[in-house]
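Only a predicted model underlies this, so the values are computations on that prediction, with no experimental measurement involved.
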Amino acid sequence: MSKKYTSRDSDVNNDEYLCNKNNTSQSENNDKLEYIMKSGSVVSSSDNETIHCLTIIGQVEGHYLLGEGQKATKYEHIIPLLVSIEESREVDGMLMVLNTMGGDVEAGLAIAEMVASMKKPTVSLVLGGSHSIGVPLAVSASRSFIVPSATMTIHPVRISGTVVGAPQTYYYFERMQNRITDFVCSHSGISKEKFTSLLMRTDQIATDVGSIIDGREAVEIGLISEIGGLSTALEALREMIRKKKG
């Protein structure tokens, strides 16, 4: 004997369907939030374009762990993520958002070199600040943007603690500084002479040599491509993606 379904049965089935749908949606949202928290990045799709947004925040952590309570971007997370973005068939371009105080020089330069070598369209956006090794990171993208209120600190490579063999340490630091200077100048519009003069200024930083420049000055000297915020950077990235797709 076949079972007859009443309107009440139908309401129960609809309620179960909606409940399952809501649970699935909630689970997907939780997974997405967990991914953002772990990787510091998010993938968004619109108008047949998929963009991976990568954030560089706090200090760039290198070979040594930073203390508890410090915001850090771990280079061992970023490097394989960049490989994944470059190899992904779904991702069309990358937006890199920076608000960093600098950090490990070799780790930051390694990330910058990887971004600069990517074939996919890349755009960087400086919000708040991109200091020290954050400068090479900011110029590593194909196009760079900065908001007017952001700042960038340019100073020579530094070390704290005991130094064994002063002449050898000085020579090593000089070569490392030349690597950074060459990278910045080759991936931006600033001249080597101008960048070196900003490195060696003595009238801006109380306890160190160097310069602090704001967003407009960074564009005027050719360090950053353009003044702009999130919408400007995204539009530029979408334009690059459309040109690449032909």
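Closest non-hydrogen pair, Ile133 versus Gly108, comes out as CG1-CA, 3.7 Å. Shown here for Met114 and Ser117, the closest heavy-atom pair between the two residues is O-OG, 2.9 Å. Counting all heavy atoms, side chain and backbone alike, Val126 lies closest to Gly129 at CG1-C, 3.9 Å. Between Ser130 and Leu98, the shortest heavy-atom contact is OG-CD2, 3.9 Å. Residues Thr196 and Lys192 come closest through the heavy atom pair OG1-O, 2.8 Å. Closest approach of Ser188 to Val184, counting heavy atoms only: OG-O, 2.6 Å.
Hydrophobic clustering (side-chain heavy atoms under 4.5 Å, transitive across Ile, Leu, Val, Met, Phe, Trp, Tyr) keeps Tyr170 apart from Val209.
Exactly one of Val219, Ile227, Asp214 qualifies for a side-chain contact (heavy atoms from CB on, under 4.5 Å) with Pro148. That residue is Ile227.
Distance alone, capped at 3.5 Å, places no donor-acceptor pair between the Lys244 side chain and the Glu239 backbone.
Annotation: salt bridge (charged side-chain N to carboxylate O under 4.0 Å, His left out) contacts involving residues 219-234, sequence neighbours excluded, comprise Arg143-Glu226.
Ion pairing between Glu49 and Lys245 fails under the 4.0 Å rule for side-chain N and carboxylate O. With respect to the salt-bridge test (charged N to carboxylate O, under 4.0 angstrom), the residues Asp92 and Arg238 do not qualify.
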Would you give me the side-chain donor-acceptor pairs under 3.5 Å for residues 149-156, sequence neighbours excluded?
unit_1: Thr153; atom_1: OG1; unit_2: His131; atom_2: ND1; d: 2.8
unit_1: His155; atom_1: NE2; unit_2: Ser132; atom_2: OG; d: 3.2
unit_1: His155; atom_1: NE2; unit_2: Arg158; atom_2: NH2; d: 3.2

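Enclosure of atom CG in Asp203 by more than 12 non-hydrogen atoms of other residues, nucleotides or ligands within 6.0 angstrom is indicated.
With a 4.5 Å cut-off between side-chain heavy atoms of Ile, Leu, Val, Met, Phe, Trp and Tyr, the cluster of Leu66 takes in none. Here Ile212 sits in one hydrophobic cluster together with Ile205; the rule is ILVMFWY side chains under 4.5 Å apart, joined directly or through other members. Listed by chain and number, the hydrophobic cluster partners of Leu127 are Ile51, Leu95, Val97, Val123, Leu125, Phe145, Val147, Leu230, Leu234, Leu237, Met240, Ile241, where partners are ILVMFWY side chains within reach of under 4.5 Å, directly or through others.
A side-chain donor-acceptor contact under 3.5 Å links Ser225 and Ser144.
Scanning for salt bridge (charged side-chain N to carboxylate O under 4.0 Å, His left out) contacts around Lys74 gives Glu61, with sequence neighbours left out.
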